[in-house]
Asks: 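Submitted below is the structure of interest, expressed as structure tokens.
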Amino acid sequence: MARAVLLPFLALALGLWAGLTLGANRHLLALALGEVRALAEAASRLPDPGALSGVGVRLTASPRVASPFLGEAEAGVEVGPSGLRAWAVRPWPGGALEVVRAYPPFLPSPLWPLLFALGAGLWAWARVQGTFRRAFGVSLEEGRGRLEVLAAALAALEEGVVVLRGGEAVLWNPRAQTLLGLPSGALPPLALERVWPGLAARLASAPLEGVHHLTLPTGRPARARIHGAGAYRVVVFQEQAELLRLAEELTQSRRHLELLRAQAHEFQNLLHALGGLLELGRVEEALGLVRGELAAEEEVEALLKGVEIPLVAALVLGKLRRARERGLAFRLEGRLPARYAPLGEELASAIGHLLENALEAAQSEVRLRFLPGEGLGVEVWDDGPGLPEGKPLFLPGVSGRGPGRGYGLALVRARVGALGGEVGYHRRKGWTVFWLRLPGR
């Protein structure tokens, strides 16, 4: 920063020195021109001008210019590599009287211009420091450090950030550049119509702060938050798919925790029952309880033999235990072939959301069916009261169970759609049936 302030003043010092040099030499040339003219005038009055040859006077038949042959006197100066030269010629019988004088160039000392530039630079530096401190409460060095920290923080954000001033985008972070599809060489400021036409149109019609659902220039849906900050507006945005992924992770983590709590509670109840039977001396009943539990586990294992993808089998096992915790019957029909193992994560996510919704809505029974065919068909049944009329359930945030819900079905549609499949629902004889179809593999 100091160099940025002092370098212009060093250039000023060089300019001053050059100006002084030119002015001094111009004055020197004027004096030299007057001197040679005076010498030529004095020599012309002498009967023998050769007496002044020691001061540059000579008689010549070939003067520098032809003016003496026309009866006119002339004088001039020359600047060359060897220095300064002044000359004067006058008419003389049989030729010309010529006077030539040479002078070394005058170079003033650069000390005073340098001292002036140094003093001006220090004064300017102090003024800039003082003005910056009064405006922001920190020195220039501290301000630069804070800017570096802010730049690092913006670059590390997983959300896109765009700062607007009027109709221009004056700043954006690397994530925003990627989400908006801007080329690597794009530099702010740029017109908002070029950076994000959809946002420009939305601000033109509704320039208020808040949350907006927009389409990115890449064609992907996004959720944007607009905040006012004086003359600027800050837009923080993220792709809808990324938000749905985060919501899914949060939902799955919460459900896994609930499952673990339910299993711990079930196992604790079993231990209490066994302990009580043993204290009462009812060993046979205790053994019967253990055998019943083992039989139930064997039944579960037999039920899951048709699910040949371990990740989906583990999910179904957890939902089966959750159904038992809620006092619901759980039926599994059909077979999930191992050839769909590459889609295990997507299937587990989609089936998990559908089963969770069914478990919350069911009154007595939930069914999971894997349907044979060219592709993979999955149906999730529940005997609940049905779905609310007139609500587009596959949109984010739309739910019949209150605020903060409604992302599961949107995630299901997004994942199934990415695999080239489709998802839907209908009512069938008192049952709500959600279904999904995937192409064959």
Asks: Output yes when R331 and E333 qualify as a salt bridge under the 4.0 Å nitrogen-oxygen rule, no when they do not.
Replies: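 Judged by the 4.0 Å cut-off on N to carboxylate O distance, R331 and E333 do form a salt bridge.
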Asks: At what distance, to the nearest 0.5 angstrom, does CG of L29 lie from CZ of F106?
Replies: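 Output value for this atom pair is 13.0 Å.
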Asks: Kindly state each residue pair satisfying side-chain hydrogen bond (donor to acceptor under 3.5 Å, both in side chains) with at least one member in residues 13-28, sequence neighbours excluded.
Replies: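 Residue pairs passing side-chain hydrogen bond (donor to acceptor under 3.5 Å, both in side chains), neighbours aside: none found.
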Asks: Say you draw a straight line from CG of L150 to CG of N173; how long is it, rounded to the nearest 0.5 Å?
Replies: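 Going from CG on L150 over to CG on N173, the span is 12.5 Å.
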Asks: May I ask you to decide if E78's main-chain N or O and R85's side chain share a donor-acceptor pair within less than 3.5 Å?
Replies: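 Answer holds: no.
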Asks: Show the nearest heavy-atom pair for residues L216 and A222, with the distance to one decimal.
Replies: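 Scanning both residues completely, I find the closest heavy atoms to be CG-CB, 3.7 Å.
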Asks: Please, which pairs that meet salt bridge (charged side-chain N to carboxylate O under 4.0 Å, His left out) have at least one residue in residues 419-433, sequence neighbours excluded?
Replies: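 Of all non-adjacent pairs touching residues 419-433, none passes salt bridge (charged side-chain N to carboxylate O under 4.0 Å, His left out).
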Asks: Tell me, do L199 and L164 make a side-chain contact under 4.5 Å, heavy atoms counted?
Replies: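 Side-chain contact under 4.5 Å: yes.
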Asks: Which residues pass the salt bridge (charged side-chain N to carboxylate O under 4.0 Å, His left out) test with E74, not counting sequence neighbours?
Replies: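 With sequence neighbours excluded, E74 shows a salt bridge (charged side-chain N to carboxylate O under 4.0 Å, His left out) to no residue whatsoever.
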Asks: Check this for me, if you would: do E159 and R175 make a salt bridge, where the nitrogen-to-carboxylate-oxygen distance has to be below 4.0 angstrom?
Replies: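 Here E159 does not pair with R175 in a salt bridge, since their nearest N and O are not under 4.0 Å apart.
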Asks: Does W431 use its side chain to pair, donor to acceptor, with the backbone of G384 at less than 3.5 Å?
Replies: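 Answer holds: no.
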Asks: Measuring from atom CD of E379 to atom CG of L371, what distance do you get when rounded to the nearest 0.5 angstrom?
Replies: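 It comes to 4.5 Å.
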Asks: Is there a side-chain contact between L180 and T218 in this structure, where contact means two heavy atoms from C-beta onward sitting under 4.5 Å apart?
Replies: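 They are not in side-chain contact.
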Asks: Test side chain to side chain contact (heavy atoms under 4.5 Å, CB included) on L355 and F330; report intermediate values, then the result.
Replies: CA-CA 10 Å; L355 283 176; F330 190 100; 4.1 Å; yes
Asks: Which pair of non-hydrogen atoms, one from G386 and one from T432, has the smallest distance, and what is that distance?
Replies: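 Shortest heavy-atom separation between G386 and T432 comes out as CA-OG1, 3.5 Å.
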Asks: Step by step, work out the side chain to side chain contact (heavy atoms under 4.5 Å, CB included) result for L203 and I226.
Replies: CA-CA 10 Å; L203 291 178; I226 302 177; 3.6 Å; yes
Asks: State whether the side chain of D382 and the backbone N or O of A358 hold a donor-acceptor pair below 3.5 Å, judged by distance alone.
Replies: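 No, the answer is negative, given that no donor and acceptor are paired below the 3.5 Å cut-off.
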Asks: Does L368 reach the side chain of L354, with side-chain heavy atoms less than 4.5 Å apart?
Replies: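 Not touching, per the 4.5 Å side-chain cut-off.
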Asks: Measuring from atom CZ of F434 to atom NE2 of H353, what distance do you get when rounded to the nearest 0.5 angstrom?
Replies: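 Taking CZ in F434 and NE2 in H353, the distance rounds to 13.0 Å.
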Asks: What is the minimum heavy-atom distance between G420 and P439, and which atoms define it?
Replies: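 What the structure gives for the nearest pair is O-CD, 3.8 Å.
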Asks: Looking only at non-hydrogen atoms, find the nearest pair between P188 and W172 and report the distance.
Replies: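 What the structure gives for the nearest pair is N-CH2, 3.6 Å.
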Asks: Any side-chain heavy atom of L179 within less than 4.5 Å of one from F237?
Replies: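 Yes, side chains in contact.
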Asks: Do any N or O atoms from the side chain of Q238 and from the backbone of A224 form a donor-acceptor pair under 3.5 angstrom?
Replies: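 Not a single qualifying donor-acceptor pair exists.
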Asks: Is there a side-chain hydrogen bond (donor to acceptor under 3.5 Å, both in side chains) between Y103 and E35? Walk through the geometry before answering.
Replies: CA-CA 12 Å; Y103 305 89; E35 182 182 6; 2.5 Å; yes
Asks: Would you find a donor on one side and an acceptor on the other, under 3.5 Å apart, between the side chain of D383 and the backbone of Q363?
Replies: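 Yes; judged by distance alone, with no hydrogens or angles, the pair exists.
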Asks: State, to 0.1 Å, how close V162 and A176 come at their nearest heavy-atom pair, and which atoms those are.
Replies: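 Answer, listing the atom of V162 first, then A176: CG2-CB, 4.0 Å.
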Asks: Should the pair R101 and W87 be classed as cation-pi, given the thresholds of under 6.0 Å to the six-membered ring centre and 45° from the axis?
Replies: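 No.
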Asks: If you compare all heavy atoms of V195 against all heavy atoms of A169, which two are closest, and at what distance to 0.1 Å?
Replies: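 Closest approach of V195 to A169, heavy atoms only: CG2-CB, 4.1 Å.
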Asks: Measuring only between side-chain heavy atoms, which start at C-beta, is L317 closer than 4.5 Å to L315?
Replies: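 Result no, sub-4.5 Å side-chain heavy-atom pair not found.
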Asks: Quick check: do Y340 and I309 have side-chain heavy atoms less than 4.5 Å from each other?
Replies: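 Of all side-chain heavy-atom pairs linking I309 with Y340, at least one is under 4.5 Å.
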Asks: Within the side chain of R233, is there an N or O that forms a donor-acceptor pair under 3.5 Å with the backbone of R165?
Replies: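 Side chain of R233 to backbone of R165: no pair is present.
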Asks: The test is side chain to side chain contact (heavy atoms under 4.5 Å, CB included); show your working for I351 and F370 and say whether it passes.
Replies: CA-CA 11 Å; I351 295 174; F370 296 106; 3.9 Å; yes
Asks: At what distance, to the nearest 0.5 angstrom, does OG of S349 lie from CG of L343?
Replies: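 If we round to the nearest 0.5 Å, S349:OG and L343:CG are 12.5 Å apart.
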Asks: Answer whether the closest heavy-atom distance between the side chains of V416 and E346 falls below 4.5 Å.
Replies: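 No; the side chains remain at least 4.5 Å from each other.
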Asks: With rounding to the nearest 0.5 Å, note down the distance linking CG in L171 to CG in L154.
Replies: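 Answer rounded to 0.5 Å: 6.0 Å.
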Asks: So, are R367 and E365 salt-bridged, with charged N and O less than 4.0 Å apart?
Replies: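 A salt bridge links R367 with E365.
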Asks: For L332 and V307, run side chain to side chain contact (heavy atoms under 4.5 Å, CB included): C-alpha distance rounded to whole Å, both residues' side-chain angles, the deciding distance at 0.1 Å, then the answer.
Replies: CA-CA 10 Å; L332 175 62; V307 183; 3.8 Å; yes
Asks: Taking the side chain as C-beta and beyond, is there a heavy-atom pair between L359 and K319 under 4.5 Å?
Replies: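 Yes. Closest side-chain heavy atoms under 4.5 Å.
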